[in-house]
Amino acid sequence: MISAAAKSGNLAPYLKNTSQAVVSTLKTTTKPVTVATDKIVVPTVPQNKTEFTLNSTLCRGKTSVRYGVSAPFQVRSAHTDVKIPDFSDYRKSSTLDPSKKAETSEASRKTFAYALAASGFVLGTYSAKNVVSTFVTSMAASADVLAMASIEVNLGDIPEGKSVTFKWRGKPLFIRHRNAAEIAKERAVDPASLRDPQHDSERVQQPQWLIVIGVCTHLGCVPIANAGEFGGYYCPCHGSHYDAAGRIRKGPAPLNLEIPPYEFKENNMLLVG
């Protein structure tokens, strides 16, 4: 109790200030007071927006809708007063009336279109021809290669019974001067007994001269002249034997030796190619 009384002594100034009263000059009355309600402004209560209230505010006329990936959704009234541009000043007089068909103008336009298409086709064809011609010409053999396309051989330098090898178009060329015994032996062979049937007369233009390309028809090896079991040519790579007419007689080769194009010239000259 003593402690509470000591503490309350500190509150005395505050209690003194709050206990003072202020005298009012207003007087009470019992007469009724009239309040003018026409000047009182009552704040409106905000209404909750619903689907119906929002729908009633939308535009009821012609509208256009715009919506895209990067554009917002928009609804706005369509512009019905936009004027369509008139290009009558740039059109032909024969095509101004859409209800009539301009026969003459249509025919002239078709003629011009056909002529233009035909000209383009001719020009394109000529250009394509030049391109193809240039491309093919670039792939053609050069002058030095064409010079080797044919070869002339003096047959007087080849003795009888001998075979001489020349180079023609990068391949070995065998020219054989056959004697009478070889000619008779090869012509006596029955073509029906051969793998690649050919008579000796079909392979030579003159009986004493045999001209063949020295490439084995098996795998492209080069046979040896005057060798083999039949006295003609022998391929040591796989054992193909050819006779003196260049015909395959034994071994894996399927065909006879190839005969190049050739002709005999004057003065005992031979032109191959």
Side-chain angles (χ1 to χ4, degrees), residues 133 135-273:
S133 177
F135 179 73
V136 173
T137 304
S138 64
M139 298 180 63
S142 57
D144 56 342
V145 175
L146 293 176
M148 298 176 60
S150 60
I151 183 175
E152 285 189 352
V153 179
N154 187 1
L155 298 178
D157 298 334
I158 304 175
E160 187 178 8
K162 298 294 183 180
S163 179
V164 181
T165 303
F166 297 90
K167 185 178 181 180
W168 175 71
R169 295 183 181 178
K171 301 178 182 179
L173 179 68
F174 294 161
I175 300 179
R176 187 186 187 98
H177 192 177
R178 302 190 301 180
N179 52 35
E182 291 176 337
I183 296 174
K185 178 182 178 181
E186 301 306 331
R187 295 206 167 184
V189 176
D190 183 10
S193 62
L194 301 176
R195 182 179 303 170
D196 186 10
Q198 271 188 320
H199 195 268
D200 180 73
S201 59
E202 300 177 13
R203 296 181 58 79
V204 294
Q205 295 183 16
Q206 295 183 7
Q208 67 273 24
W209 296 106
L210 174 69
I211 297 95
V212 294
I213 297 177
V215 177
C216 181
T217 58
H218 180 220
L219 293 177
C221 305
V222 179
I224 301 174
N226 298 323
E229 297 182 7
F230 299 89
Y233 303 93
Y234 171 67
C235 181
C237 298
H238 303 94
S240 297
H241 297 261
Y242 301 88
D243 58 15
R247 299 172 296 189
I248 182 63
R249 302 293 293 274
K250 183 179 178 181
L255 301 173
N256 302 331
L257 294 178
E258 183 182 355
I259 299 176
Y262 66 92
E263 60 179 334
F264 292 97
K265 297 291 187 178
E266 298 179 354
N267 300 326
N268 207 18
M269 295 296 295
L270 174 68
L271 177 64
V272 181

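Shortest non-hydrogen contact noted between Thr217 and Pro254 is O-CD, 3.4 Å. Minimum heavy-atom separation, Pro172 to Thr165: CB-CG2, 4.0 Å. In this structure, Asp190 and Ser193 approach most closely via the heavy-atom pair O-OG, 2.7 Å. Smallest separation of non-hydrogen atoms from Ile224 and Ala227: O-CB, 3.9 Å. Across every non-hydrogen atom of Leu173 and Val212, the tightest pair is CD1-O, 3.5 Å. Nearest heavy-atom pair across Trp168 and Pro261 is CH2-CD, 4.3 Å.
When atom types are taken as modelled, the side chain of Arg195 and the backbone of Ala253 share a donor-acceptor pair closer than 3.5 angstrom. Panel note: side chain Arg176, backbone Ser163; no donor-acceptor pair is recorded below 3.5 Å. Between the side chain of Arg203 and the backbone N or O of Leu257, at least one donor-acceptor pair lies under 3.5 Å. Panel note: side chain Arg247, backbone Pro197; no donor-acceptor pair is recorded below 3.5 Å. At least one donor-acceptor pair closer than 3.5 Å links the side chain of His177 to the backbone N or O of Ile158.
By the side-chain contact (heavy atoms from CB on, under 4.5 Å) test, Asp157 is found to be paired with Asn154, residues two or more places apart in sequence or in another chain being considered. In this structure, His199 has no ring pair (Phe, Tyr, Trp, His ring centres under 6.0 Å) partners at least two apart in sequence or on a different chain. Contacts of Ala184 classified as side-chain contact (heavy atoms from CB on, under 4.5 Å), with partners at least two apart in sequence or in another chain: none. Annotation: side-chain contact (heavy atoms from CB on, under 4.5 Å) contacts of Ser133 (sequence neighbours excluded): Thr137.
At least one side-chain heavy atom of Phe166 sits under 4.5 Å from a side-chain heavy atom of Ile151. Between Leu155 and Ile175 the shortest side-chain heavy-atom distance falls below 4.5 Å. Taking the side chain as every heavy atom from C-beta outward, Asn256 and Tyr242 never approach each other to under 4.5 Å.
Once rounded to the nearest 0.5 Å, the distance linking CD of Gln198 with CD1 of Ile248 reads 12.5 Å. Here the CD1-CD distance, from Ile211 to Glu258, works out to 13.5 Å after rounding to the nearest 0.5 Å. Separating the CD atom in Glu182 from the CG atom in Asp200 is a distance of 10.5 Å, to the nearest 0.5 Å. Residue Leu210 holds its CG atom at 9.0 Å from CD of Glu186, rounded to the nearest 0.5 Å. Interatomic distance, Leu255 CG to Ser240 OG, rounded to the nearest 0.5 Å: 11.0 Å.
A salt bridge is defined here as a Lys NZ or Arg NE, NH1 or NH2 lying under 4.0 Å from an Asp or Glu carboxylate O, and Asp196 with Arg249 fails to meet this definition.
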For residues 228-239, run the donor-acceptor check on the side chains, cut-off 3.5 Å, and write out each pair with its distance to 0.1 Å, sequence neighbours left out.
from: Glu229; atom 1: OE1; to: Lys250; atom 2: NZ; distance (Å): 3.4
from: Glu229; atom 1: OE2; to: Lys250; atom 2: NZ; distance (Å): 2.8

Please tabulate, for side-chain N and O atoms in residues 262-273, each donor-acceptor pair with protein atoms closer than 3.5 Å (sequence neighbours left out).
from: Tyr262; atom 1: OH; to: Gln205; atom 2: N; distance (Å): 3.2
from: Glu263; atom 1: OE2; to: Lys265; atom 2: NZ; distance (Å): 3.3

